[in-house]
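Taking it in order: structure first as structure tokens, then the write-up.
In each ligand, atom 1 is the first atom listed, and ligand 1 is the first ligand listed. These numbers come from a predicted model, not from an experiment. What's counted below: heavy atoms across the whole structure, side chains too, no hydrogens, waters or symmetry copies.
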Amino acid sequence: MLTTRRPRISVIGTGYLGTTHAVGMASLGYEVTGMDIDQNKIAMLVDGEAPFYEPGLTELLRKNIEAGRLRFTTSYEKAVADADVHFVCAGTPQLAGSYRADLRWVEAAFTDLAPHLHGPALVVGKSTVPVGTARRMAEIVRRHAPSGAYHEVAWNPEFLREGRAVEDTLRPDRLVFGVASPWAEELLYRVYQPIIEDDCPAVVTDYETAELVKTSANAFLGLKISFINAMAQICEATGGDVLRLAEALGHDDRIGHAFLGPGLGFGGGCLPKDIRALLACTTDLGLHDVATLLAQVDAINLSRRSRTVALGRELLDGSYEGKNVCVLGAAFKPNTDDVRDSPALAVAIAVQQEGAEVVVHDSVAGANARRTHPELAYADSLVEAAQDADLVMVLTDWTEFRSMDPAVLSPLVRRRTVVDARNCLSPESWRAAGWEYRA
Ligand code: UDX
């Protein structure tokens, strides 16, 4: 049943994950068709424009379109007809009013592609989903595919980070193949052969384990960040220095330095919602101790936002009322224009609600923030944002902010007070320039 020619690929859903995956697969030399029901997104991609900011992606997108390996369409039929391996990259956002993931896009993708599966086909879910979804999707495909055609479902979670998506796709730490047969395993090995030959380990599992690898990886990363933020609270209460503490902890190979950066905590379109979805799942399973652990990770993370607001209030002598606050950063982290569940915007809104005049500056994510939070005021430059500020709050650790010179801001502001919520400034140089500095 395995064809000897190179497998052809379709990618269903061209959001962050799907676009990067389609471009990545085309870069490995495959014929790839990307498909989305969003006509605007497809029109942009056809023109060689990525629908979001991601370093290095636009160049590779254009290169592969020009080489004739990468096409885009809004038609399931066209995308699926000639391909052998179909990657489903539909989004799974948090369901409104619930901790659960909204699976409607994933279900729609499996349901709508299945009738077009005429030859032997492997349908590979890449979306982050609650455990049990792959098995359900296999049943959906079985029900909707033409009778007689051979098809299987596999799950192959993706671990890419925004801002490093291209690198993470082409040189991942590991591949995970959740499969139901040696045929599916062999086909995935073939598709990922160039990456595996580059020394990337592949771990073969059942569906459930593959689904859980992804959610537990994100839960563990969140746990690490919330752990160091919990230590930050102890340091604050006792006079310890959490940055030195984190440095010393990280030298232990068993702990490591990564994701031990204390500060405003995590946000974005993945970590918070994936931890909450796992929390909902463990609650359903009656695993209350596990649910409590995950709930604490989320609670400690959210408490960093209110602590940052409180820090600014203390610096402003107890009230934001009528004060000008310059907010630096809108993205949930640097090198992305993503403002989903952004800790920076959450703080900006809370400060505004306490009566401050807030001006936000983010050179890359400003446009998205303007669209999603029109109630805030925005400035196109750092200098404009800092004008007459009573307080400067650094909420996303962009290089632009890390490297700013306090002497340049000093004559612009009304009061030299700064909250460094990402521990990204040098306290010594800001204090030497006459600023009251808190982190
Ligand atoms: C994350 C996972 O890393 C990735 O594997 C998965 O596929 C998707 O979710 P991403 O959302 O791009 O990726 O962000 P990540 O780089 O993990 O950062 C998450 C958040 O944690 C950011 O808000 C960041 O500012 C924060 N963070 C990170 C900290 O607060 N401290 C740290 O030490 C590291």
Side-chain angles (χ1 to χ4, degrees), residues 15-18 20-21 24 52-55 57 89 91-94 101 126-129 156-169 171-176 210-211 213-232 242-243 245-247 249-250 255-278 297-298 300-305 307-308 329-347 362 365 394-399 401-402 420-424 439:
Y16 222 105
L17 167 59
T20 316
H21 190 65
F52 47 83
Y53 172 85
E54 181 63 39
L57 185 65
C89 298
T92 52
Q94 190 176 331
K126 284 193 86 66
S127 311
T128 303
V129 291
N156 165 224
E158 179 62 53
F159 304 94
L160 62 80
R161 287 160 290 184
E162 295 185 16
R164 301 184 51 163
V166 172
E167 174 71 12
D168 284 350
T169 300
R171 274 169 288 278
D173 296 331
R174 77 297 210 184
L175 292 162
V176 176
E211 293 165 322
V213 171
K214 175 58 196 269
T215 38
S216 50
N218 278 353
F220 187 72
L221 294 173
L223 179 74
K224 256 189 120 175
I225 298 170
S226 281
F227 178 82
I228 199 63
N229 281 330
M231 295 306 112
V242 71
L243 292 180
L245 176 88
E247 188 189 341
L249 286 179
I255 298 174
H257 292 287
F259 278 70
L260 223 48
L264 185 48
F266 59 83
C270 292
L271 251 51
K273 66 120 177 141
D274 291 347
I275 290 170
R276 289 176 195 145
L278 190 58
V297 169
D298 193 25
I300 290 173
N301 187 52
L302 293 177
S303 78
R304 302 309 289 174
R305 303 177 186 191
R307 179 67 195 122
T308 301
F332 80 97
K333 67 170 189 179
N335 301 319
T336 175
D337 64 354
D338 195 342
V339 297
R340 287 176 295 170
D341 203 344
S342 165
L345 287 179
V347 169
D362 190 312
V394 181
L395 304 183
T396 311
D397 40 341
W398 285 102
T399 308
F401 308 144
R402 281 179 180 279
D420 175 9
R422 293 291 181 184
N423 290 299
C424 65

Distance under 4.0 Å to a non-hydrogen atom of E158: what atoms of ligand 1 satisfy this? 7 (O)
R174 NZ/CZ over F159 ring centroid, <6.0 Å and within 45° of normal: yes
Does T396 use its side chain to pair, donor to acceptor, with the backbone of W398 at less than 3.5 Å? no
When rounded to the nearest 0.5 Å, the distance separating OG1 of T20 from CD of E162 is 9.0 Å
Any idea which protein heavy atom is nearest atom 17 (O) of ligand 1, and the distance to it? F259 CZ, 3.2 Å
Answer yes or no: does an N/O atom from L221 fall short of 3.5 Å to an N/O atom of ligand 1? no
Looking only at protein heavy atoms, which one is nearest to atom 12 (O) of ligand 1, and how far off is it? E162 N, 2.7 Å
Charged N-O contact under 4.0 Å between D341 and R276: yes
Which part of T128 is near ligand 1, with near meaning a heavy atom under 4.0 Å away: side chain, backbone, both or neither? neither
If you have a sec, work out which protein heavy atom is nearest atom 2 (C) of ligand 1 and how many Å separate them, to one decimal? N218 OD1, 3.6 Å
When you measure from the side chain of K333 to the backbone N and O of F266, does any donor-acceptor pair fall under 3.5 Å? no
Answer yes or no: is there a donor N or O on one side and an acceptor on the other, between the side chain of Q94 and the main chain of A277, under 3.5 Å? no
Of all the non-hydrogen atoms in the protein, which one sits nearest to atom 20 (C) of ligand 1, and at what distance? F266 CB, 3.4 Å
For N156, what residues pass the side-chain hydrogen bond (donor to acceptor under 3.5 Å, both in side chains) criterion, not counting sequence neighbours? K126, Y192
Mind running salt bridge (charged side-chain N to carboxylate O under 4.0 Å, His left out) on D298 and R305 for me, showing each step along the way? CA-CA 12 Å; D298 193 25; R305 303 177 186 191; over 6 Å; no
Can you tell me the protein heavy atom closest to atom 31 (N) of ligand 1 and the distance? G261 O, 3.1 Å
Give me the residue, atom name and distance of the protein heavy atom closest to atom 19 (C) of ligand 1. L271 CD2, 3.7 Å
Measure the CD-CG distance between E158 and L17 for me, rounded to the nearest 0.5 Å. 5.5 Å
Option whose closest heavy atom lies nearest to atom 29 (C) of ligand 1, chosen from L260, I225, D341: I225
When distances are taken from atom 5 (O) of ligand 1, the protein heavy atom at minimum range is F159 O, 2.7 Å
Nearest 0.5 Å, what's the OG1-CZ distance between T336 and F52? 9.0 Å
Ligand 1 versus L264: contacting region, heavy-atom distance under 4.0 Å: neither
Under 4.0 Å from any heavy atom of C270, which atoms of ligand 1 are there? 8 (C), 9 (O)
Would you say that more than 12 heavy atoms from the other residues, nucleotides or ligands in this model lie under 6.0 Å from the CZ of F227, or not? no
For atom 7 (O) of ligand 1, what's the nearest protein heavy-atom neighbour? Residue, atom name and distance, please. L160 O, 2.8 Å
Pairs of nitrogen or oxygen atoms closer than 3.5 Å, one from F332 and one from ligand 1: do any exist? yes
Check whether any heavy atom of G267 sits under 4.0 Å from an atom of ligand 1. yes
For atom 14 (O) of ligand 1, the option (of R422, K224, K333) bearing the nearest heavy atom: K333
With only distance considered, is R161 within less than 3.5 Å of ligand 1 through an N or O on each side? no
